Amino acid sequence: MKKNLKFRTVFIVVTILVCLFGIFDIPRSFGDLKKNFSDNIRLGLDLKGGTHLVLEVQVQDAVKADADQAIERLKEDVKKENITWTDMQSSDVKTVDDASSVAATIKGIPVTMSSAFRSLVAERYPTYNLKVLNSTDYQMQLKPTDLLALEGDTVTRTVETILNRINGLGLTEPTVTAYGSNTHEILVQLPGVDDPAHVKDLIGKAAVLEIDDVKDGPFANKDAAMAQHGGVLPLNTTLYKSMPRAGMEGEQWYLVTKNPVITGSVMRNARPGQDEFRKWETSFTLSPDGGKRFGRYTEANVGNKLAVVLDKQIVSVATIQSKIEDSGRITGLGSEQEAEDLSRYLRSGSLPAGVVYNQERTIGPSLGADSIREGMMAGVAGLAAVIVVMLMYYKRSGINAVLALLLNTVVLLAALAYFHAVLTLPGIAGVILTIGMAVDSNVLIFERIREELRTGKSIVAAVDTGFNKAWWTIVDTHVTTVVSCAFLFLFGEGPVKGFAITLTIGLIANIFTAVFVSKTIFDYELSGRRRLETLSI
């Protein structure tokens with residue numbers, strides 16, 4: 001008995017030390033525990049202040065991009081099969097609701113080649129339905145299931161890209177996730193960032209990334225480019241302005257193709273470096289499919305120029321020196337910073353579609369400070385009231401419950417620190433509710449012990465029986481509450497999820513403190529040499 005009690009005591013002490021280490025991070029700086037606490041217990045947007053944005057992903061852009069790529073592949077495929085055509089183009093759309101109407105129209109397929117053309121599309125483009133418009137014209141449109149899959153993938157990739165970009169710039173505890181019932185909306189919350197314009201600029205720079213074929217340029221201005229081509233741009237071309245960079249004088253405009261050679265979706269990695277002449281460059285790697293397409297293009301266009309376009313602005317222009325497949329280099333960069341910035345853009349990828357801002361809100365730190373202060377006052381007041389009632393009603397045994405209650409709070413805070421969870425105002429509500437649940441568990445145990453004492457059992461037998469009989473009741477109440485929290489987490493939004501997570505951690509900690517720790521304290525008291533005739537309960 002004493003050996004088992006000693007083991008349990010050591011286990012509890014070790015648990016407390018591990019929790020304190022997680023909360024205060026003592027080895028880092030013993031003299032600045034307050035700062036360590038604030039660093040480890042991360043506060044959410046409603047407590048720390050920051051920026052709240054709701055973005056809508058323009059999924060029609062991704063659908064059109066997929067149709068454009070299908071057209072480019074189809075041109076190569078029909079050429080190999082000696083099938084002629086007169087025109088191929090995709091329809092333009094303006095709104096998200098029009099995404100399902102995006103189609104690739106193919107005109108001028110000879111009647112004698114129609115069977116071969118339909119077989120080719122059915123075999124190599126299984127995600128598209130082929131609709132016959134007339135004897136020579138056809139229309140390709142994504143199948144409904146593949147359209148939904150593409151839209152979902154577009155939103156997922158957008159979330160990942162924005163999160164990568166924000167993390168790459170050193171912002172902490174960001175929330176970037178799907179939002180609400182609208183499957184195309186994304187919630188972005190950045191605690192501690194109170195400049196929405198800056199945040200939108202960061203996200204905007206992560207917009208569509210592509211590598212385009214340069215047809216002409218540079219030009220000193222847009223008018224000069226238009227004049228060079230008689231006021232009318234060649235078919236399927238557009239003008240992009242180069243971003244200002246070191247050593248560049250004045251503006252630079254380039255005429256590039258509308259259909260990109262490759263997009264940011266095929267970028268896998270990028271890093272800055274220097275060539276053999278100590279000039280800065282950015283090397284990159286592509287996906288297998290992107291590498292094949294890029295290899296075919298660069299092999300046929302050695303000596304021509306390519307432009308890296310980010311959000312319709314040219315980041316860099318490079319000359320194709322040789323065939324480039326799964327990896328390549330962008331040379332001629334002006335500085336180390338330019339190489340690092342370009343590699344970060346490439347590495348974080350590109351948004352597969354544009355975004356628009358449906359909501360924009362800034363929460364000041366003063367409001368968060370008020371929430372923390374009022375939440376702490378409520379928690380302290382509730383805790384103080386519980387302690388007073390427990391000590392008055394259960395006398396000395398109430399100290400047992402208070403110690404278990406305080407340890408429950410320590411374990412809860414340690415779990416938040418170790419799991420890098422973010423404490424929100426609903427999370428504080430979860431902490432306060434956990435206090436009530438913890439007291440409820442102790443009340444169940446103490447009342448069971450009282451009932452056993454009334455039946456005439458000894459104190460040791462009454463304590464053991466009381467804990468054993470209350471155990472399943474406590475587990476039952478906690479499991480049902482955890483199941484409710486699971487549904488809140490699955491179907492709720494950010495604040496509701498914070499409440500569910502905090503309450504669940506508190507309930508799990510409560511089983512440890514209210515049963516294991518509390519029983520150990522009772523056993524320690526009852527194991528003394530002096531045999532107790534009465535129990536203060």
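Keep in mind the model is a prediction, meaning the values are calculated, not measured.
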Heavy-atom count around Tyr418 OH within 6.0 Å, excluding the residue itself: above 12? yes
Check Ala500 against Leu488 and note the closest heavy-atom contact, atom names and distance. CB-CB, 4.0 Å
Would you kindly say whether Tyr394 and Glu447 are connected by a side-chain donor-acceptor distance under 3.5 Å? yes
If I compare all heavy atoms of Leu55 with all of Val188, which pair ends up nearest, and what's the gap? CD1-CG2, 3.6 Å
Any side-chain heavy-atom pair from Leu405 and Thr513 closer than 4.5 angstrom? no
Test side-chain contact (heavy atoms from CB on, under 4.5 Å) applied to Ile474 and Ile445, step by step: CA-CA 9 Å; Ile474 293 172; Ile445 294 171; 3.8 Å; yes
Please find the pair of heavy atoms, one from Ser441 and one from Ala514, that lie closest to each other, and give the distance. CB-CB, 3.8 Å
Quick one, Gln58 and Val356 - any side-chain contact, counting heavy atoms below 4.5 Å? yes
Electrostatic pair Arg448:Glu451 at N-O distance under 4.0 angstrom: yes
Measuring from Leu407:CG to Thr15:OG1, what's the distance to the nearest 0.5 Å? 8.0 Å
Measuring from atom CG of Leu433 to atom OG1 of Thr481, what distance do you get when rounded to the nearest 0.5 angstrom? 8.0 Å
Of the non-hydrogen atoms in Ala438 and Asn408, which two are nearest, and what is the gap between them? CB-ND2, 3.6 Å
Strictly distance-based, threshold 3.5 Å: is any side-chain N or O of Lys519 a donor or acceptor partner for the main-chain N or O of Val463? no
Could you list the donor-acceptor pairs under 3.5 angstrom formed between side-chain atoms of residues 465-473 and any protein atom two or more places apart in sequence or on another chain?
unit_1: Thr465; atom_1: OG1; unit_2: Ala461; atom_2: O; d: 2.8
unit_1: Asn468; atom_1: ND2; unit_2: Asp464; atom_2: O; d: 3.0
unit_1: Lys469; atom_1: NZ; unit_2: Glu452; atom_2: OE2; d: 3.2

For Asp440, check salt bridge (Lys or Arg N to Asp or Glu O under 4.0 Å) against everything at least two apart and list the hits. none
Verify side-chain contact (heavy atoms from CB on, under 4.5 Å) between Leu403 and Val517, making sure each step is shown before the conclusion. CA-CA 9 Å; Leu403 292 176; Val517 175; over 6 Å; no
Which is it for Leu383 and Leu406 under the side-chain contact (heavy atoms from CB on, under 4.5 Å) test, yes or no, and what are the steps along the way? CA-CA 9 Å; Leu383 182 61; Leu406 295 176; 4.2 Å; yes
Kindly state whether the ring of Phe11 and the ring of Phe516 have centres lying under 6.0 angstrom apart. yes
Donor-acceptor contact present, side-chain Asn400 to main-chain Arg396, <3.5 Å: no
Working to the nearest 0.5 Å, report the span between CD1 of Ile508 and NE2 of His478. 10.0 Å
Determine whether more than 12 heavy atoms belonging to other residues, nucleotides or ligands lie under 6.0 Å from atom NZ of Lys143. yes
So how far is it from Glu281 CD to Gln274 CD, rounded to the nearest 0.5 Å? 8.5 Å
Does Arg8 make a cation-pi contact with Phe522 (under 6.0 Å, within 45 degrees of the axis)? no
Taking every heavy atom of Val176 against every heavy atom of Val159, the minimum-distance pair comes out as O-CG1, 3.3 Å
For Phe489, I'd like to know if atom CZ has over 12 heavy atoms of other residues, nucleotides or ligands within 6.0 Å. no
Distance check, rounded to the nearest 0.5 Å: Ile501 atom CD1 versus Phe419 atom CZ? 10.5 Å
Heavy-atom side-chain contact between Leu507 and Ile511 under 4.5 Å: no
Starting at CG of Asn4, measure out to CG of Asp523 and round the result to the nearest 0.5 Å. 8.0 Å
Which atom of Ala509 lies closest to which atom of Val411, heavy atoms considered: CB-CG1, 3.5 Å
